[in-house]
Amino acid sequence: MISMAISASAIWGKVWPILLAILFFGLLIFLHELGHFTFAKLFGVKVNEFSMGMGPVLLKKKKKETQYSIRLFPIGGFVSMEGESENSEDERAFCNQKAWKRFIIIAAGGVINLIMGIIILTVMLSLKTNADGSEKLIGTREIHSFYTEDAASRKYLKEGDELLKIDGKNVFSGDDINFLMQRNQTGCFDFVVLRDGKKVELKNVQFKTSKYEFQGKERNSIVMEFYIVGVPVSFRSVVTNIIPETLTYSRLVYLSLFDLITGTYGMSDLSGPIGTVSYIADAAAESKKNMDWSYLCMLTGMIAINIGLFNLLPLPALDGGHLFFILIEIIFRKPVPKKLEALVHAIGMVLLLALMAVISFSDILKLVKG
């Protein structure tokens, strides 16, 4: 009996982080679709179905004109509005609404995810203690001190310098310093700092690097060499830092996309739903073990913002692709022909599904290899 209890406990220890990750993804999808649904209803648009999941219907219930359903595959969801993909004579159809109303309905999903991410990051910043019970500090952009007296960067940087730019990119928060510096594999940086009230440009600041292996590839890791100033957690410090933190994690979406296009990272470095669930599950297990939920909050907040912004990119099949066509309509005061728009989105959907299949296959291989 004891061994069975231990075995059950061990299994639950493996299962609950995965369930938590799946629940989090489900919540992201639900809130995203709820954003579309809520504004459609507010504007009087006829909604035919509100579905969680894709594929065959498991459960459904019709209330007034809308069918609410749960489908087999928990990989998405949708809100099906009358006249969304084709013309309709119904005056309440989506296609018959003013352009600004359609724009708000489509944008609402991604915006809700962004708001969710901001709320999670606010919780992260509001945690007052570390795992060891010590006071938690919110990182700033100011250099506090250096690890060693012979740090290479001490020739250029000084205690009290506030980092404004790294390699031409604005430094919004303390987290930006690490993110921006780890993108540069050479260890040589250009800085703009605020020193004694004046902006100072520092060129070719060299940092030490160390080698590490990631997914079979050798990479350079930058040795930071300095500590940054931290401020105590308070209502004022959280409010002051939440926007810079949000900007930091928002920009990561576009920097990551740029790095992928330019070849800095390959397809094997991408993660889809399977890989992301695995990362969240690992972070949840580690957070419970250390009783420090900061990293889990950071990761889930970043994912929520990532999904929100990615959906708003002007790419076919995504919300941003639909918004792009609505903007064209607003600017030229004439809608793009429905057949042309439908064709563009159909091609985009095929390419997106193919990309997701490749990424998911890569995620599975990573899990198998451990």
Side-chain angles (χ1 to χ4, degrees), residues 124-125 130-132 134-196 199-231 241 244-245 247-249 251-256 258-260 262-266 268-271 279 282-283 286-287 290 292 294-299 301-302:
M124 178 192 77
L125 291 177
N130 296 308
D132 59 3
S134 61
E135 182 184 21
K136 181 176 175 289
L137 300 175
I138 298 175
T140 67
R141 303 183 299 178
E142 182 181 340
I143 296 176
H144 177 273
S145 57
F146 291 84
Y147 292 178
T148 61
E149 289 295 325
D150 62 346
S153 57
R154 280 183 68 93
K155 297 176 184 178
Y156 306 89
L157 298 169
K158 295 182 179 180
E159 287 91 346
D161 282 351
E162 184 179 355
L163 305 182
L164 302 181
K165 288 187 177 182
I166 298 176
D167 289 339
K169 301 287 191 302
N170 289 321
V171 178
F172 298 121
S173 69
D175 286 335
D176 254 332
I177 299 171
N178 184 60
F179 291 150
L180 292 175
M181 291 184 69
Q182 294 303 334
R183 290 182 73 238
N184 185 336
Q185 295 286 294
T186 67
C188 188
F189 302 89
D190 294 335
F191 288 93
V192 175
V193 304
L194 187 64
R195 181 181 295 170
D196 300 326
K199 288 185 180 180
V200 179
E201 292 189 17
L202 304 171
K203 299 288 187 180
N204 302 319
V205 180
Q206 188 68 47
F207 281 72
K208 295 177 181 177
T209 62
S210 61
K211 301 286 185 182
Y212 73 100
E213 189 173 302
F214 179 71
Q215 294 179 356
K217 297 179 182 178
E218 189 177 79
R219 299 185 184 276
N220 281 336
S221 178
I222 308 301
V223 180
M224 295 297 294
E225 299 186 353
F226 58 79
Y227 300 98
I228 58 175
V229 173
V231 295
N241 283 279
E245 288 284 345
L247 290 173
T248 290
Y249 293 110
R251 185 172 59 183
L252 276 178
V253 178
Y254 301 104
L255 289 179
S256 300
F258 177 80
D259 288 342
L260 181 65
T262 56
T264 303
Y265 296 105
S268 61
D269 296 312
L270 291 177
S271 286
Y279 292 140
D282 290 343
E286 192 66 24
S287 294
N290 298 327
D292 183 355
S294 298
Y295 177 67
L296 180 61
C297 287
M298 183 274 288
L299 182 62
M302 182 173 67

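Quick note: residue numbers are just sequence positions, from 1.
For residues 148-171, there are no ring pair (Phe, Tyr, Trp, His ring centres under 6.0 Å) pairs, not counting sequence neighbours. The stretch residues 184-194 participates, sequence neighbours left out, in no salt bridge (Lys or Arg N to Asp or Glu O under 4.0 Å) pair at all.
For V229 against T140, the heavy-atom pair with the smallest separation is O-OG1, 2.7 Å. Between V171 and R141, the shortest heavy-atom distance links the atoms O-NH1, 2.8 Å. Here the closest non-hydrogen pair linking I222 and M181 is CG1-O, 3.3 Å.
By the ring-ring contact (aromatic ring centres under 6.0 Å, His included) test, Y227 pairs with Y147, sequence neighbours left out. Residues forming a side-chain hydrogen bond (donor to acceptor under 3.5 Å, both in side chains) with S153 (at least two apart in sequence, or on another chain): E225. Partners of Q206 according to the side chain to side chain contact (heavy atoms under 4.5 Å, CB included) rule, which considers only residues two or more places apart in sequence or in another chain, are C188. The side chain to side chain contact (heavy atoms under 4.5 Å, CB included) search around S173 returns D175, D176, P244, E245, T248, not counting sequence neighbours. Applying the ring-ring contact (aromatic ring centres under 6.0 Å, His included) test to F172 and every residue at least two apart in sequence or in another chain returns nothing. Residues that satisfy the salt bridge (Lys or Arg N to Asp or Glu O under 4.0 Å) test with E201, not counting sequence neighbours, are absent from this structure. Checked against side chain to side chain contact (heavy atoms under 4.5 Å, CB included), L194 has the following partners two or more places apart in sequence or in another chain: E162, L164, K199. Considering only residues two or more places apart in sequence or on other chains, I143 meets the side chain to side chain contact (heavy atoms under 4.5 Å, CB included) condition with F146, L157, D161, L163, F226. Partners of N184 by side-chain hydrogen bond (donor to acceptor under 3.5 Å, both in side chains), not counting sequence neighbours, listed by chain and number: D167, T186.
Taking OG of S221 as the start and NZ of K208 as the end, the distance is 14.0 Å to the nearest 0.5 Å. Taking CD1 from I177 and CE from M224, the interatomic distance works out to 6.0 Å, rounded to the nearest 0.5 Å. Atoms CZ and NZ, on F179 and K169 in that order, are 15.5 Å from each other to the nearest 0.5 Å. For the atom pair E159 CD and R195 CZ, the distance stands at 10.5 Å (nearest 0.5 Å).
Under the 4.5 Å side-chain criterion, counting only non-hydrogen atoms from C-beta, N170 is in contact with K165. In this structure, the side chains of V193 and K158 stay at 4.5 Å or more apart for every pair of heavy atoms. Contact of the M302 side chain with the L299 side chain is registered, since non-hydrogen atoms from C-beta on lie closer than 4.5 Å.
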